[in-house]
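The structure appears right after this line, and notes come after that.
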Amino acid sequence: MVQKIKVKSVLNKQKYADDWFLSNYSINPYSGCSFNCVYCYTRGSKYGEHQVPGLAAKINAPEVLVRQLKTRARKREYGFIAFGSATDPYLPVEKDLKITRELLMIILRFHFPVHLLTRSPLILRDLDILKKVGEKAVLPDEFKDKTDTGVVLSFSFSTTDEHLANIFEPSAPSPEERLETMKQCKDAGFIVGAIFMPLLPFLSDSEEHLTKMIKNVKLNGADFVMASGLTLFGEGPHDCKTRYYEVLEEHFPELVFQTKAIFRNSFAPSRKYQEELHERFVRLCQKYQIRNKIY
């Protein structure tokens, strides 16, 4: 069941522009998520502190956004707005509620650029609005010599292997659906990319697996790829750390010890692991001639 809640604010201003996602602002039309990814970082982290239990729709988000964007536009504080930083903007309930679509229409009205992150083919419904957003957006000065469009569309993957995805992303659209959706968005003229976040230690972070992922997304139109390792927050029974190790124990018990060894008592893997993963990823991007950042 989807709760319907009212919020005082829907547009979050970031202290600094995000170097990876280009964003100065973020919006999450929903609280919670029905895709049920095992590794979801909001469970047990500060990013999930204010989420209501279950799934909730911010039903007054459009009227709140009008007020907030009117103020930002009057001050000419234009910047990319990221959708999907905490919850996918195209959850199945969006098909009927259309909150994300309404928010995009408001963003078009006020001429802000957007970066949409999703796993869902439902984004195809809104390509008509997104095309207009891209044409009308006022770009921040630092992007004017890099692009002439105000829309970036990114598709999230922890793997492109269907078997692994079924285990760790049980209710999300399949990798094959995401790849096909990305291709359709590219064919429609959008800048598209793949976000490999998180890569799963000893499952989707190897040279062989990463090579397949990069080749796969490039074949389906990706202009860029970005990647990062897994984070495991919390200690409670429903937090992502507990849940991840339970699933790992069930399906890949041989990997539990070495996974715990790279995390130790931290929410992030060791610096050595992260550096080696980054080096491997950048080298493969260079080898297969695809950008490892948006611009």
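Please read all numbers here as calculations on a predicted model, not as lab measurements. Worth knowing before you read on, the calculation uses all heavy atoms, side chains too, and leaves out hydrogens, waters and symmetry mates.
Taking the centre and axis of the six-membered ring of Phe157, the NZ or CZ atom of Arg178 falls inside the cone set by 45° and 6.0 Å. In this structure, Lys260 is positioned above the aromatic face of Tyr245, its NZ or CZ under 6.0 Å from the six-membered ring centre and within 45° of the axis.
Residues Phe21 and Phe80 place their aromatic rings such that the two centres sit no closer than 6.0 Å. Ring centroid separation for the pair Phe83 and Tyr90 does not come in under the 6.0 Å cut-off.
Comment: Lys13 does not engage Glu77 in a salt bridge, judged by the lack of any side-chain N to carboxylate O separation of less than 4.0 angstrom. Using a cutoff of 4.0 Å between basic side-chain nitrogens and carboxylate oxygens, Lys212 and Glu207 are not scored as salt-bridged. We find that Glu94 and Arg125 are joined by a salt bridge, their nearest charged nitrogen and carboxylate oxygen being less than 4.0 Å apart.
In terms of hydrophobic clustering, with Ile, Leu, Val, Met, Phe, Trp and Tyr side chains grouped at heavy-atom distances under 4.5 Å, Leu153 and Ile27 are assigned to a common cluster.
Looking at His209, its side chain does come within 3.5 Å of a backbone N or O of Leu203 through a donor-acceptor pair.
Between the side chains of Asn28 and Thr87, no donor N or O sits under 3.5 Å from an acceptor N or O. Donor-acceptor pairing under 3.5 Å is recorded for the side chains of Asp205 and Tyr273.
To the nearest 0.5 Å, atoms CG (Leu69) and OH (Tyr25) are separated by 8.0 Å.
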